[in-house]
Amino acid sequence: PKWAITKLETAHNHPLVPQNQAHCLRPHKPLSECGKQRSSSSSSYGVRRNGGMFLTIEPPPPTPPVPQTTSIIAAQPLAPHYISADGIGNATRVILDYVKRMQAEDPAFFYAMQFVEGHPVGNVFWSDARARTAYKDFGDAVFLDDHCKRSKHELPLVTFTGVNHHCQPVLFGCAVIRDNSEASFAWLFETLLLAMSGQHPVSLTTEYDGAIQSAVHKVLPQTRHRFCSLHILNEAQCKLSDLLTAFPSLYDELVSCINMSDTIDEFEANWEALISKVGSGHNEWLDSMYNCRRQWVPVYLRDTFFGDEPSRQGCMSRSSFFESHITAKTNLQSFIQHYEKALDSCYEREVKEEFETKYSLPDIKTSSPIEKQGADLYTRTLFLRFQQELVGASVCTLEVAEEDGKACMYKVTTSQGSEKPRMVQFNSSDSSAKCTCQMFEYLGIVCRHILTVFGAQGISTLPSQCIVKRWTKNATDRSSDKKPDEVIRVKELKEEQRSTVEDGEQSQTWRYNSLCREALRYAEEGASSTEVYIVAMQALQEAANKVNMAKRAIGQVAPLAVMPITAQAPESAGKFYDGFGQ
């Protein structure tokens, strides 16, 4: 057939791929060695690719820095006089030199060092702008990994990690800790909160440790603290070696008791049967693990969001954020050389997953409009997980167990497999539902049992209360978030001032940190548009004049000045004044 061109549209009529994802497009993807050889031989004969474009292989562009956000990107540099090299070991000095250099390049880079009675103790924490931004979006579930420290590696590294909306590991911060004391971990948690503008995590997963437990209870009383069950079960093979010789099936029975118990009563019955088999009082380790069962046995933790399956905690794999870059002999100098490479690799994987989510369509397996909604709503990884539940709902049946007005209790049974029936409470007034499996509570995804009830009720779209933003494609979009009330912010500042004004030695440090934090918040708001920028600069000029007047009044030199207002970006745009972190 012949076609006639009737109109030419010169403007782009579709969204362009962001610059940091352009290298994910097929023409930009690196070829295999075979492909490169073929490309080389083809180009020598004038063969072109993609309708006229010569094939060129270029390295992907560097990932641009994450934009600063009002809520958490607030520089908290230590005042210059607060850092002292006296008494600091060589390893700590290497870290200090690194974090100082990083903060000079990026005022949103945070670092802190612990001092006791005016002397450094060697504990250092740091978090860059991208990590702090990630914490704002995904800091609800945090994992603390101190494997390097406990394994007596040369590098005593501790990391805070989590999972992003693609279920990928994401770094929140790093630290070098010199001991495993409660005081060190308490300082570490306090510093984490300081770096993250006081945002407490919903949950925190760590290894089983009494010092960490006490520090969490002291600093993070509202955070649900979980011990990683995989670490405990791995430790069981050593602690129960004598019993395993006498009872070879004991370990498998223990794992089944921990992971397969659906209710607390069922777990208690299974545990009692286990103890009766080996004899009570024959193992102190089993007794101690039972006493803290509410912090590691999945059935006790399903009412809290942890970002993973309770019976398949990913803390072992997720904790190894720098696994391929750290060995038992890795020192700090060598680690720093590979640190940014590891971060760039992680962020590159996120960019690729973001590209796949936005520019490719998943396979739809049912005719349910809820599946289409899920495909539009969730990231690719989370949609596939949600799709499993939706497909699983097709083999579920339900019956009314109890009905009381608009509230109804359903018994949902799976016709395939050995899964036990679940009870779903549904309220027709607001389409809310709650299942005894508690998948939505601990994972943030609607389970197949609730989806079965939704299907029976004719609900064709997920209610808003069933959607957790942190799993959606717009997880990092804060344009719709409400801005904090100014009165609340003033109250917070007053509370901070009351908590530090009594400490005369650190009062100047507090003022320095506080001004940097507020200045960056102000810059974020002031840069939102040209009109707002001009107003913000005028306000800065007025503030500079008032500060100079106040300094002259007390006999201080007043050199503070603000550059003239211009709507055009100067050559040095993107850099902060020397006063921010220099």
Side-chain angles (χ1 to χ4, degrees), residues 89 91-92 95 111-117 119-127 135 139 141-162 171-196 198 200-236 238-239 283-297 300-301 304 306 313 315-316 318-322 326 328 332:
T92 304
I95 287 292
Y111 75 94
M113 184 174 184
Q114 185 181 14
F115 284 73
V116 176
E117 296 181 353
H119 300 286
V121 297
N123 294 339
V124 181
F125 171 89
W126 71 93
S127 178
Y135 187 92
V142 177
F143 294 78
L144 171 67
D145 172 39
D146 60 342
H147 172 73
C148 294
K149 179 75 181 77
R150 296 184 182 281
S151 300
K152 300 187 183 302
H153 285 198
E154 187 171 340
L155 174 65
L157 181 70
V158 176
T159 61
F160 287 100
T161 60
L171 184 68
F172 297 142
C174 296
V176 172
I177 300 295
R178 292 301 168 186
D179 58 50
N180 297 326
S181 66
E182 176 186 340
S184 288
F185 283 111
W187 172 85
L188 183 60
F189 296 141
E190 290 171 350
T191 306
L192 175 71
L193 293 180
L194 181 63
M196 307 306 174
H200 287 239
V202 174
S203 63
L204 174 66
T205 301
T206 72
E207 290 190 27
Y208 172 67
D209 183 271
I212 294 180
Q213 184 179 18
S214 299
V216 172
H217 180 74
K218 177 181 178 181
V219 181
L220 303 170
Q222 300 176 352
T223 297
R224 189 73 179 273
H225 184 202
R226 176 181 71 171
F227 300 134
C228 179
S229 64
L230 290 180
H231 287 123
I232 293 177
L233 290 175
N234 286 340
E235 187 180 10
C238 175
K239 298 291 185 179
N283 191 280
E284 294 182 0
W285 184 84
L286 278 176
D287 293 338
S288 63
M289 290 299 98
Y290 177 77
N291 291 336
C292 64
R293 63 194 181 280
R294 297 181 183 277
Q295 287 185 263
W296 68 279
V297 177
Y300 289 97
L301 299 164
T304 303
F306 286 98
Q313 295 173 20
C315 51
M316 291 194 70
R318 193 172 298 127
S319 66
S320 304
F321 192 90
F322 297 104
I326 296 179
L332 283 172

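Hydrogens, waters and symmetry mates play no part in the numbers below; they use all other heavy atoms, side chains included.
- One N or O on the side chain of Thr223 and one on the backbone of Pro201 form a donor-acceptor pair closer than 3.5 Å.
- At distances below 3.5 Å, at least one donor-acceptor pair connects side-chain atoms of Trp296 with backbone N or O atoms of Met289.
- To the nearest 0.5 Å, atoms CD (Gln114) and CZ (Arg178) are separated by 12.5 Å.
- The distance from atom SG of Cys174 to atom CZ of Phe160, rounded to the nearest 0.5 Å, is 10.0 Å.
- Under the ring pair (Phe, Tyr, Trp, His ring centres under 6.0 Å) criterion, His225 pairs with Phe227, sequence neighbours left out.
- Here the CZ atom belonging to Arg293 is positioned 12.0 Å from the CG atom belonging to Leu301, to the nearest 0.5 angstrom.
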| request: Assess whether side-chain contact (heavy atoms from CB on, under 4.5 Å) is satisfied between Leu188 and Asn123, documenting all intermediate values. | output: CA-CA 8 Å; Leu188 183 60; Asn123 294 339; over 6 Å; no
Could you pull out all donor-acceptor pairs under 3.5 Å where a side-chain atom in residues 210-220 meets a protein atom, sequence neighbours excluded?
from, atom 1, to, atom 2, distance (Å)
Gln213, NE2, Gln295, OE1, 2.6
Ser214, OG, Gly210, O, 3.1

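- Considering only residues two or more places apart in sequence or on other chains, Arg294 meets the salt bridge (charged side-chain N to carboxylate O under 4.0 Å, His left out) condition with none of them.
- Residues satisfying the ring pair (Phe, Tyr, Trp, His ring centres under 6.0 Å) criterion with Phe189, sequence neighbours excluded, are absent altogether.
- Side-chain contact check for Val121 versus Trp187: every heavy-atom pair is 4.5 Å or farther apart.
- Note that the NE2 atom of His231 and the CG atom of Asp145 stand 7.0 Å from one another [nearest 0.5 Å].
- The CG atom of Leu233 lies 14.5 Å from the NZ atom of Lys239; values are rounded to the nearest 0.5 Å.
- Partners of Ser181 according to the side chain to side chain donor-acceptor pair (under 3.5 Å) rule, which considers only residues two or more places apart in sequence or in another chain, are Asp179, Ser184.
- Looking at every heavy atom in both residues, Met113 comes nearest to Pro120 through CE-CB, 3.1 Å.
- Atom OG1 of Thr191 is separated from atom CE of Met196 by 11.0 Å, given to the nearest 0.5 angstrom.
- In this structure Tyr290 satisfies the side chain to side chain donor-acceptor pair (under 3.5 Å) test together with Glu268, sequence neighbours excluded.
- The minimum heavy-atom distance linking Val142 with Tyr135 is given by the pair CG2-CE1, 3.9 Å.
- Counting all heavy atoms, side chain and backbone alike, Arg226 lies closest to Phe143 at NH2-CE2, 3.6 Å.
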| request: Quick one: do Phe172 and Leu144 satisfy side-chain contact (heavy atoms from CB on, under 4.5 Å)? Show the steps, please. | output: CA-CA 10 Å; Phe172 297 142; Leu144 171 67; over 6 Å; no
